[in-house]
Each structure stands twice: as structure tokens, then as C-alpha cells.
Amino acid sequence: MKRLSYKHTIAACSLAYVVQAVVNIFVPLLFITFNSQYSIPIEKISIIILFNFSIQLCVDLASAFFVQKIGYRISLTLAHVFASLGLAGLTFLPEITDPFAGILISVFFYAIGGGLLEVLVSPAVEACPTKNKEGFMSLLHSFYCWGCAVVIAVSTAFFFFFGTENWKILTLIWAAFPILNMIYFMFVPVFSPEDEEGGMSLKSLFGHKSFWLIFAMMFVAGACELAISQWASTFAEMSLGVSKAVGDMAGPFSFAVLMGTSRLLYSRLSKKLDLNVAMFISGILCITGYLLTSIPQNKIVNLVGVGICGFSVGVLWPGTYSLATKSIKGGGTKMFSLLAFAGDIGCASGPAFLGFVSSAAGDNLKTGVLVSTMFPVLLVIFVIARYFSERKKNKLLPATDNGDLNIPDVSADGDKESGEAAEEK
């Protein structure tokens, strides 16, 4: 059989982000079902959300110490296994033990899988022998958006035609997907940043002048995205006065589609549009979206603002990853682990902050969105600061004809023979 190339590695990594979408998006669609079937109160259901994020944050940090030791291939395999076990566990653990405890055990397993995928997938693609890395990174992350859209659409259709009482069948179907992708990973070459650059120590990483600025950028990128997306369904219902199902399609579904569209669009334009410019434009567009969502007394305009936010945040997360690899050569797995940690903190704190401000303003969601505009404002400030910092640094270093740092380029096809043979230990 012909050996699979790094292009299949990118395909498997893209599907891995669909797995992560299943992990993060599917279970929240069952919260009302858990409430009615197992009599779990809403306050306990909120613990499920916090528990999921907490486990993923712990995995983000821990992976900086063990991934290099056990290798990317084994780590990716474990990520898919944990994701599948957690999803499958939802169908029987609540029945054989306390329902809430059974759900938390399941969440524990799939959160480990989701956390590992967040850390592993981006650097695995970054390490592939491709030339247009910014484009591939944006395309890769678009699959998370398409995954979210597919999970919402398929689940909504399944519940409509077969009823929510058959949710366990759909859960097992989703649980099978990580196993299928894990099998795919067994046949593709797996790369890691350390294969090329060796990997930087934590002490050196923390001492790098660019690291903390990029860390802050990653935090606000996560906050910009999740602050709106987590409230998108509620906003859709408030703006249009529609049912929960229609609200999910008009809110989080459209948000995910527009975010994926912007990532796909940048993957096509990345050779012509500088990433710094794209990040700056995205930040300004995000501010516009937040303001349109919160200020006008027109519900349709508010909903359009939510859509603009979805489109604007698409480039922020993958773009920050790409800027990090440009600024910090040799950051390796540790850098990606810490950036994932920063992003997940933003993902947790952004919507929580919006909700807290809205509650303090008498449950006025618009006020929460308006105050949360500070997140995209901070992002624009950080993007500008990083641009001038790198510009100043580059003046002190030798440059190539294209203006980049004097670092050897990698051809689009790479050294196929050696590249396809380079696998994780």
C-alpha cells in the first residue's frame, strides 16, 4: 500500500477538530434532557460546564510536561480514546450510579480528550512540511467551526425526527467518530515541532520578550469568541422571539458557519493578505459587531451584530498561533500548551464576565455585551504593540529578500521521502 503523505496528516488533524467540536458542543444540547430525565437541577448543570473547562485547563498545563516524553502519536491516540470513552459513558454511567456523578465521570474523560486535541493538533499541522503555514492553520481551525455547525444541525434534525428520548443512540454515533479518526491517524505520518526545532525550555520561553504579549493576545482571542458565541442562542431567541431549536440555528449555528467562512477565506487569501493586517481588521470588525449587538434598539441589527462577531473572530485564534510560531522560534509543544491554556482561560472568563455584568445590570444582556467590547479593544491594542515590537526587532536582524527573518524556507511539497518517514517516537 502506498504510504500516506503529510496531506493526510492535515486531513486527520482537521477531523480531530471536528472531534473536539463534538466534545464541546454536543453535551450542552442535552442539558434540558438531563434536567428532565435525571432531575438534575440547573445549578448542578452549570457545574458540568465549569468542570469541563477546568479539566481542559489542567490538561493544557500538564501536556507541556508529558507530550514530548510519550510522543505525539501516542498522545493523539489517547486523546481520541478518552473523547470516545467520555461520550459513550454518558449512555450508561448515569444509569448504574448517581446520574450527576455518572455525567461528571463522562465529562472528565472527554474533557481530557478535548484538552489534548487543543494542544496537539495545531503544532502537528504547523510541523508539517508546508510553505503557507498561516493558510493551513486557518483552514485547519475552520474545521472546528464546520464541526460545530454539523453537530448542531445533525443533532437538531435527529431530535426533531426521532425525539430527544433517543438521545443515547445519537450519543453512541458521535462516540464512534473519534475511534474512526484514531484509526486514520495510525496510517499517517505524525510530526512535532521538536522534530525541526528541538523545543524551548519553560524558563527560556517565559523569558522571551514576545511570549507574554502573545499569551495575552490568546487570552482575549478566546474571550472575544466565546463571550458572544455562548450567548448567541439566547440573543437569537430574544431578538426574533423564536423557539429554542430555531434559536440554536439562528444563533450558535450561524455564528459557527460565519466563523468557519472567515477562516476558510483567510486560508485562500493568506499569501496576499499579511497576517498582522488580517488580525487588525478582524479586531476592528469585532468591535463593530459588539457595538451593533449592544447599542441599537433594533433587534434585527442586533442579530446582524452577532453574525459580524462570528465572522470577525475566525482569524483570531489560529492567527495568534501563527504569530507565535513566527515570533518564538523553537517554542515547541510547551508554547502551544501554554497558549491553549491562555485561550481556554479566555473561553471560560469571557462569557462568565458578560453574564456577570448582565446580571448586575438587571439581566440586561446588551449591557454585558457593551462592557465586554473591552476584549476586542484590548486585542487591537496587543496586535499593534506586537507589530511594532517585531518591526523594531527585525531591524536588528538580517533579512531575506521577502522581508522576513533569515530563516530557511520549506518548499510546498517538502522533502517527501524524509518528511513522510519522520514520525513520532
Side-chain angles (χ1 to χ4, degrees), residues 20-58 82-115 148 151-178 226 229-238 241-253 347-349 351-352 354-356 358-359 362-363 365 368:
Q20 192 185 32
V22 174
V23 164
N24 289 335
I25 299 299
F26 176 63
V27 173
L29 300 178
L30 300 174
F31 283 166
I32 301 301
T33 301
F34 293 159
N35 174 258
S36 59
Q37 183 172 339
Y38 299 121
S39 299
I40 299 175
I42 297 298
E43 58 266 25
K44 280 194 172 183
I45 288 178
S46 64
I47 295 176
I48 296 174
I49 303 173
L50 178 62
F51 188 66
N52 178 30
F53 271 111
S54 299
I55 296 301
Q56 291 200 40
L57 285 170
C58 291
F82 278 121
S84 183
L85 285 176
L87 290 168
L90 290 169
T91 65
F92 66 89
L93 286 178
E95 309 293 342
I96 63 177
T97 185
D98 174 75
F100 183 63
I103 292 173
L104 284 185
I105 293 172
S106 301
V107 172
F108 175 80
F109 281 105
Y110 75 61
I112 292 176
C148 291
V151 170
I152 295 170
V154 171
S155 299
T156 300
F158 182 92
F159 295 147
F160 179 81
F161 288 107
F162 302 105
T164 55
E165 64 272 14
N166 292 311
W167 66 270
K168 292 184 179 180
I169 296 175
L170 181 60
T171 304
L172 290 175
I173 292 174
W174 288 128
F177 184 68
L226 269 291
S229 67
Q230 290 292 292
W231 293 98
S233 179
T234 302
F235 226 102
E237 292 179 64
M238 290 173 58
V242 296
S243 66
K244 172 66 174 173
V246 176
D248 285 341
M249 296 300 290
F253 176 81
C347 290
S349 59
L354 192 153
F356 175 78
S358 300
S359 178
D363 293 333
L365 205 57

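The first residue of the sequence shown is numbered 1, and numbering continues consecutively from there.
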Trainee: Just by modelled atom types, is the Pro94 backbone N or O under 3.5 Å from a matching donor or acceptor in the Thr97 side chain?
Mentor: no
Trainee: In Å, rounded to the nearest 0.5 Å, how long is the span from CG of Leu104 to CZ of Phe108?
Mentor: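 Answer rounded to 0.5 Å: 11.0 Å.
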Trainee: If you count every heavy atom of other residues, nucleotides or ligands that lies below 6.0 Å from Phe356 atom CZ, does the total exceed 12?
Mentor: no
Trainee: Is the side chain of Ser84 donor-acceptor paired with the backbone N or O of Ala176 at a distance under 3.5 Å, no angle test?
Mentor: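 No, because the side chain of Ser84 does not come within donor-acceptor range (under 3.5 Å) of the backbone of Ala176.
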Trainee: Roughly how far apart are Leu87 CG and Ile173 CD1, rounded to 0.5 Å?
Mentor: 12.5 Å
Trainee: So does Ala88 get a backbone contact from the side chain of Thr91, meaning a donor-acceptor N/O pair under 3.5 Å?
Mentor: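 It does hold such a pair.
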Trainee: Kindly indicate whether the side chain of Ile25, heavy atoms from C-beta on, has any atom under 4.5 Å from the side chain of Ile152.
Mentor: yes
Trainee: What class does the angle between the rings of Phe109 and Phe82 fall in, given that below 30° is parallel, 30 to 60° is tilted and above 60° is perpendicular?
Mentor: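 Phe109 and Phe82: parallel rings.
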Trainee: With a 4.5 Å heavy-atom cut-off, do Asn24 and Asn52 have their side chains touching?
Mentor: yes
Trainee: Do side-chain atoms of Asp98 reach the backbone of Ala101 as a donor and acceptor pair under 3.5 angstrom?
Mentor: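 Yes: the side chain of Asp98 pairs with the backbone of Ala101.
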Trainee: For side chain to side chain contact (heavy atoms under 4.5 Å, CB included), just list the numbers for Ile48 and Phe31, CA-CA rounded to whole Å, side-chain angles, deciding distance to a tenth of an Å, and then say yes or no.
Mentor: CA-CA 9 Å; Ile48 296 174; Phe31 283 166; 4.1 Å; yes
Trainee: For the CD1 atom of Ile40 and the CD1 atom of Ile103, what is their distance to the nearest 0.5 Å?
Mentor: 3.5 Å
Trainee: If we ignore angles and hydrogens, is there a donor and acceptor under 3.5 Å between the side chains of Tyr110 and Gln56?
Mentor: no
Trainee: Indicate the ring-plane relationship of Phe26 and Phe159, choosing parallel, tilted or perpendicular according to the 30° and 60° boundaries.
Mentor: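 Taking Phe159 first and then Phe26, their aromatic rings lie parallel (interplane angle under 30°).
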Trainee: Could you go through Leu29 and Trp167, starting from their C-alpha distance and side-chain angles, then the distance that decides it, and tell me whether this counts as side chain to side chain contact (heavy atoms under 4.5 Å, CB included)?
Mentor: CA-CA 10 Å; Leu29 300 178; Trp167 66 270; over 6 Å; no
Trainee: Can any side-chain N or O of Ser358 pair as donor or acceptor with the backbone N or O of Leu354 at less than 3.5 Å?
Mentor: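 Yes.
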